[in-house]
Chemist: 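Once you've had a glance at the structure underneath, I'll fire off some questions.
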Amino acid sequence: IMLHSTLALSLLLIAVSSNLAMAVKKEKRAPQTLSRGWGDEITWVQTYEEGLYQAKKSNRPLMVIHHLEDCQYCQALKKAFAENEEIQEMAQNNFVMLNLMHETTDKNLSPDGQYVPRIMFIDPSLTVRADITGRYSNRLYTYEPQDIPFLIENMKKALRLIQTEL
């Protein structure tokens, strides 16, 4: 019996470790999309400069999401953002979208500090909308998962402001 259970255990260990190896391999092979988990159906621009160009050309606001891979608040917001159909649809159809894991040289994108997550809107006239803020006075452009309805309102506001100001 002892031999039998040792054999069964070692077979189990082999099965588990080969599954892990396959999972690790799969992970490595998957192409890194620009979405980084924020929404695979959305067309993302690669750089801030490209975003500004596309916003001006298409007359759509640019939405910039600053985030970091190892930030739990970013991960939580990303999950809520990616799962929200209204946000995904608006992002896909009405915005030029950019998510960045590094800071831009444009100081207008960090008016109150370089924290993450931080979401800012830039008008097609290339004006950073410092007037479209989240709910927290200490970090004006941050959103938490429960702020998704508020973010949706701000996305609508960014769209509304273009139409009224041009």
Side-chain angles (χ1 to χ4, degrees), residues 26-27 29-166:
K26 265 193 207 118
E27 201 104 326
R29 230 179 304 138
Q32 170 61 41
T33 63
L34 291 173
S35 88
R36 298 186 183 93
W38 291 88
D40 292 333
E41 299 304 310
I42 298 168
T43 307
W44 297 88
V45 294
Q46 203 155 0
T47 63
Y48 182 52
E49 292 67 31
E50 186 192 343
L52 293 174
Y53 172 78
Q54 292 293 345
K56 199 176 177 79
K57 197 176 89 166
S58 65
N59 196 37
R60 293 185 302 182
L62 167 63
M63 182 173 179
V64 182
I65 305 170
H66 284 94
H67 64 105
L68 290 170
E69 207 51 63
D70 56 2
C71 152
Q72 63 183 27
Y73 303 104
C74 299
Q75 294 293 355
L77 182 62
K78 178 193 296 189
K79 189 176 184 311
F81 188 98
E83 287 171 359
N84 186 287
E85 279 178 35
E86 192 175 359
I87 283 189
Q88 292 293 307
E89 196 176 313
M90 266 198 291
Q92 201 176 334
N93 301 321
N94 308 108
F95 286 84
V96 175
M97 297 295 295
L98 172 66
N99 70 76
L100 286 178
M101 293 173 62
H102 57 84
E103 283 299 332
T104 60
T105 51
D106 186 345
K107 296 285 169 263
N108 297 313
L109 286 185
S110 52
D112 65 341
Q114 298 190 335
Y115 51 85
V116 289
R118 191 166 86 247
I119 299 179
M120 298 195 70
F121 297 94
I122 293 94
D123 205 68
S125 67
L126 307 188
T127 312
V128 174
R129 304 287 337 202
D131 54 344
I132 302 181
T133 55
R135 296 171 48 189
Y136 308 99
S137 56
N138 60 335
R139 291 183 166 198
L140 291 175
Y141 306 97
T142 202
Y143 297 84
E144 293 185 357
Q146 67 268 24
D147 302 329
I148 287 291
F150 199 75
L151 179 58
I152 291 170
E153 283 313 304
N154 277 349
M155 288 173 81
K156 289 177 179 168
K157 187 174 173 185
L159 292 170
R160 221 177 23 248
L161 289 174
I162 297 175
Q163 289 147 5
T164 57
E165 286 178 16
L166 288 182

Chemist: Using the ring of Tyr136 (Phe, Tyr or Trp, six-membered ring only), decide whether Arg139 places NZ or CZ under 6.0 Å from its centre and within 45 degrees of its axis.
Modeler: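 Judged by the rule, Arg139 and Tyr136 form no cation-pi pair.
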Chemist: Taking side chain as C-beta onward, heavy atoms only, is Tyr141 less than 4.5 Å from Leu109?
Modeler: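 SC-SC contact between Tyr141 and Leu109 ruled out.
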Chemist: Main chain of Ser110, side chain of Tyr115: is a donor-acceptor contact present, judged purely on distance under 3.5 Å?
Modeler: no
Chemist: Any sub-3.5 Å donor-acceptor pair from Gln75's side-chain atoms to Glu69's backbone N or O?
Modeler: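 Yes, the answer is positive, given that a donor and an acceptor are paired below the 3.5 Å cut-off.
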Chemist: Counting N and O atoms only, with roles assigned by atom type, does the side chain of Arg135 sit under 3.5 Å from a partner on the main chain of Glu144, one being a donor and the other an acceptor?
Modeler: no
Chemist: Please give me the minimum heavy-atom distance between Ile122 and Leu52, naming the atom from each residue.
Modeler: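 Shortest heavy-atom contact: CG2-CD2, 3.8 Å.
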Chemist: Could you measure the distance from the CZ atom of Phe121 to the CG atom of Asp131? Nearest 0.5 Å is fine.
Modeler: 11.0 Å
Chemist: Under the ring-ring contact (aromatic ring centres under 6.0 Å, His included) rule, what pairs show up with a residue in residues 142-162, not counting sequence neighbours?
Modeler: none
Chemist: Would you call Lys156 and Glu86 a salt bridge, using N to O less than 4.0 angstrom?
Modeler: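 A salt bridge is present here (some side-chain N lies under 4.0 Å from a carboxylate O).
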Chemist: Using 0.5 Å steps for rounding, measure from the CD atom of Gln114 to the NE2 atom of His102.
Modeler: 12.0 Å
Chemist: Are any non-hydrogen side-chain atoms of Glu49 and Thr104 less than 4.5 angstrom apart?
Modeler: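 They are not in side-chain contact.
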Chemist: Under the 3.5 angstrom rule, does the side chain of Asn94 hit a backbone N or O of Arg60 as a donor-acceptor pair?
Modeler: no
Chemist: Has Asn84 got a side-chain atom pairing as donor or acceptor with Ala80's backbone, closer than 3.5 angstrom?
Modeler: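 Looks like no, no N/O pair under 3.5 Å.
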Chemist: With heavy-atom distances below 4.5 Å as the criterion, would you say the side chains of Glu85 and Gln88 are in contact?
Modeler: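 No, too far: nothing below the 4.5 Å cut-off.
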Chemist: I need the minimum non-hydrogen distance between Ile42 and Ala91, along with the two atoms involved.
Modeler: CD1-CB, 3.5 Å
Chemist: Are side-chain heavy atoms of Leu77 and Ile148 found at a separation under 4.5 Å?
Modeler: yes
Chemist: Which heavy atom of Met63 sits nearest to which heavy atom of Ile119, and what is that distance?
Modeler: CE-CG2, 3.7 Å
Chemist: Please collect all ring-ring contact (aromatic ring centres under 6.0 Å, His included) contacts where either partner lies in residues 54-87, sequence neighbours excluded, each pair once.
Modeler: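 Sorted result for residues 54-87: Trp38-His67, Trp38-Phe81.
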Chemist: So, for Ile87 and Ile152, which heavy atoms are closest and what is the spacing to 0.1 Å?
Modeler: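 Closest pair (atom of Ile87, atom of Ile152, distance): CG1-CG1, 3.5 Å.
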Chemist: Where do Pro61 and Ile162 come nearest, in terms of heavy atoms and distance?
Modeler: CD-CD1, 3.1 Å
Chemist: Within the distance-only criterion (no hydrogens, no angle test), does the side chain of Asp112 pair as donor or acceptor with the backbone N or O of Leu140 below 3.5 angstrom?
Modeler: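 Pair found, side chain donor or acceptor close to backbone of Leu140.
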Chemist: Measure the CG-CD distance between Leu98 and Gln46 for me, rounded to the nearest 0.5 Å.
Modeler: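 These two atoms lie 9.5 Å from each other.
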Chemist: Atom CZ in Arg118, atom CD1 in Ile65: separation rounded to 0.5 Å?
Modeler: 12.0 Å
Chemist: With a 4.0 Å cut-off, would you call Lys57 and Glu50 a salt bridge?
Modeler: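 The answer is no: the pair does not qualify as a salt bridge.
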Chemist: How close do Ser35 and Asn99 get, heavy atom to heavy atom, and via which atoms?
Modeler: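 So the two residues come closest at O-ND2, 3.2 Å.
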Chemist: Nearest 0.5 angstrom please: Thr105 OG1 to Tyr48 OH, how far?
Modeler: 8.5 Å
Chemist: Tell me if the CD atom of Gln146 is crowded by more than 12 foreign heavy atoms within 6.0 Å.
Modeler: yes
Chemist: Say you draw a straight line from CG of Asn59 to CG of Asp123; how long is it, rounded to the nearest 0.5 Å?
Modeler: 8.0 Å
Chemist: Without swapping roles, check the side chain of Lys79 against the backbone of Pro145 for a donor-acceptor pair under 3.5 Å.
Modeler: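 Such a contact is absent between Lys79 side chain and Pro145 backbone.
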